[in-house]
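These figures come from a predicted structure and were not determined experimentally.
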Amino acid sequence: MMRQWIVTSVLGFGLGAGSASMAMAQSSPSDVVSPSSPAVPATPAPEGTTSAPTETLQEYTLPQNFSFQIPQDWNAEGTETDRFAVITNYNSDRPEGDTPQPADIRTEVMLVDEHPSTFVDREVTAIIDQAYRVHRYTTVEVDELTALRLWISDLPLEYSYQIITFVGYASYGTARIVTYYNTQSEETDRLIEQIHDSFELVF
């Protein structure tokens with residue numbers, strides 16, 4: 001039921017706010033997926049660091065693919081043919097394989113040539129199969145479309161937290177925006193969500 005609600009919601013098929021809430025209420029998520037669970041307590045930023053920058057946002061565009069807003073001092077690199085971009089708040093020249101630092105934030109954006117009804121379902125199934133803790137999920141508006149957003153915590157990976165947004169463009173494909181980070185705070189979450197919300201297709 002939960003997966004059905006997710007896929008239907010991200011496509012915007014006949015689920016208004018009331019029916020979406022009812023679908024969530026009728027689902028029986030386990031501890032792995034629980035939209036009503038309390039948010040994970042924020043982890044203070046290490047001394048001498050900031051959870052998120054306060055600089056003015058600027059537009060980054062991957063031609064013929066997409067654009068979004070990022071802080072001015074962040075780094076963004078993309079490949080048009082792969083329809084893929086990486087945004088970081090740290091220097092992109094840092095040696096590959098270095099352990100992520102507590103204040104590091106990394107966002108990966110990609111467009112896939114797959115209908116959201118199949119792509120999103122497979123992605124959500126993989127998250128559930130790996131027993132990752134989704135402590136919140138909801139629909140949001142991105143690029144004037146209904147999108148799905150998941151907040152994942154306590155990951156046994158290099159980054160402890162993820163925010164994932166799926167934007168469905170029907171037969172055109174699906175956008176997947178995922179941000180990895182280690183230091184959670186309301187300010188950091190707001191900035192990440194703001195970046196995700198600014199996503200737009202570019203033709």
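Note on ring orientation: taking the six-membered ring where Trp is involved, the planes of Y172 and F203 are perpendicular (angle over 60°, cut-offs 30° and 60°).
Contact of the T174 side chain with the E123 side chain is not registered, since no non-hydrogen atoms from C-beta on lie closer than 4.5 Å. Put simply, the side chain of S160 does not reach to within 4.5 Å of the side chain of D154, judged on heavy atoms. Contact of the H196 side chain with the V140 side chain is not registered, since no non-hydrogen atoms from C-beta on lie closer than 4.5 Å. Using a 4.5 Å heavy-atom threshold, the side chains of Y90 and N75 count as separate. Using a 4.5 Å heavy-atom cutoff, the side chains of W74 and I105 are in contact. A 4.5 Å side-chain heavy-atom check between V120 and L148 finds at least one atom pair inside the cut-off. Side chains of L157 and Y132 form a contact here, defined as non-hydrogen atoms less than 4.5 Å apart. With contacts defined as side-chain heavy-atom distances shorter than 4.5 Å, the pair Y169/D143 qualifies.
A pairwise comparison of heavy atoms in A76 and I70 identifies CB-CD1, 3.9 Å as the closest pair. Contact detail for N65 and R83: the closest heavy-atom pair is OD1-CG, 3.0 Å. Residue Q69 comes nearest to S198 through the heavy atom pair N-OG, 2.7 Å, listed as atom of the first residue, atom of the second, then distance. Of all the heavy atoms in S171 and H115, the pair that sits closest is N-CD2, 3.8 Å. Between V167 and A147, the shortest heavy-atom distance links the atoms CG2-CB, 4.0 Å. Shown here for P71 and Q58, the closest heavy-atom pair between the two residues is O-NE2, 4.1 Å.
Using modelled atom types, one side-chain atom of S185 and one backbone atom of T188 make a donor-acceptor pair closer than 3.5 Å.
For the residue pair T61/E59, the side-chain donor-acceptor check at 3.5 Å is satisfied. With 3.5 Å as the limit, one finds a donor-acceptor pair spanning the side chains of T165 and R149. Using a 3.5 Å distance cut-off with no hydrogens or angles, the side chains of R106 and T88 do not pair a donor with an acceptor. No donor-acceptor contact under 3.5 angstrom links the side chains of Q184 and W151, judged on distance only.
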**Study point:** Verdict with reasoning, I152 to I164, per side-chain contact (heavy atoms from CB on, under 4.5 Å)
**Key:** CA-CA 8 Å; I152 305 177; I164 307 175; 3.7 Å; yes

Check your understanding: Which is it for Y181 and Y161 under the ring pair (Phe, Tyr, Trp, His ring centres under 6.0 Å) test, yes or no, and what are the steps along the way?
Key -> CA-CA 5 Å; Y181 59 115; Y161 302 99; 5.5 Å; yes

Exercise for review: I would like to know whether Y137 and F166 meet ring pair (Phe, Tyr, Trp, His ring centres under 6.0 Å); could you show each step before the answer?
Suggested key: CA-CA 11 Å; Y137 61 83; F166 297 100; over 10 Å; no

Review point. Can you list the steps and then say if L191 with L57 is a side-chain contact (heavy atoms from CB on, under 4.5 Å)?
Key: CA-CA 10 Å; L191 176 60; L57 299 183; 4.2 Å; yes

Practice item. Could you walk me through whether Y180 and E108 pass side-chain contact (heavy atoms from CB on, under 4.5 Å), step by step? Key: CA-CA 8 Å; Y180 308 87; E108 297 177 356; 3.5 Å; yes

**Study point:** From CA spacing to verdict: salt bridge (charged side-chain N to carboxylate O under 4.0 Å, His left out), D189, R136
**Key:** CA-CA 12 Å; D189 281 4; R136 183 182 171 198; over 6 Å; no

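In this structure, D113 CG and L111 CG are separated by 8.0 Å, a value rounded to the nearest 0.5 Å. S153 OG to H135 NE2: the interatomic distance, rounded to the nearest 0.5 Å, is 5.0 Å.
Here the two rings, on F68 and Y60, have centers that are under 6.0 Å apart.
Between R190 and D197 no salt bridge is recorded (no basic side-chain N to carboxylate O distance below 4.0 Å).
Every residue two or more places apart in sequence or in another chain that forms a salt bridge (charged side-chain N to carboxylate O under 4.0 Å, His left out) with E114 is listed here: R122. Here T107 pairs with T179 under the side-chain hydrogen bond (donor to acceptor under 3.5 Å, both in side chains) rule; sequence neighbours left out.
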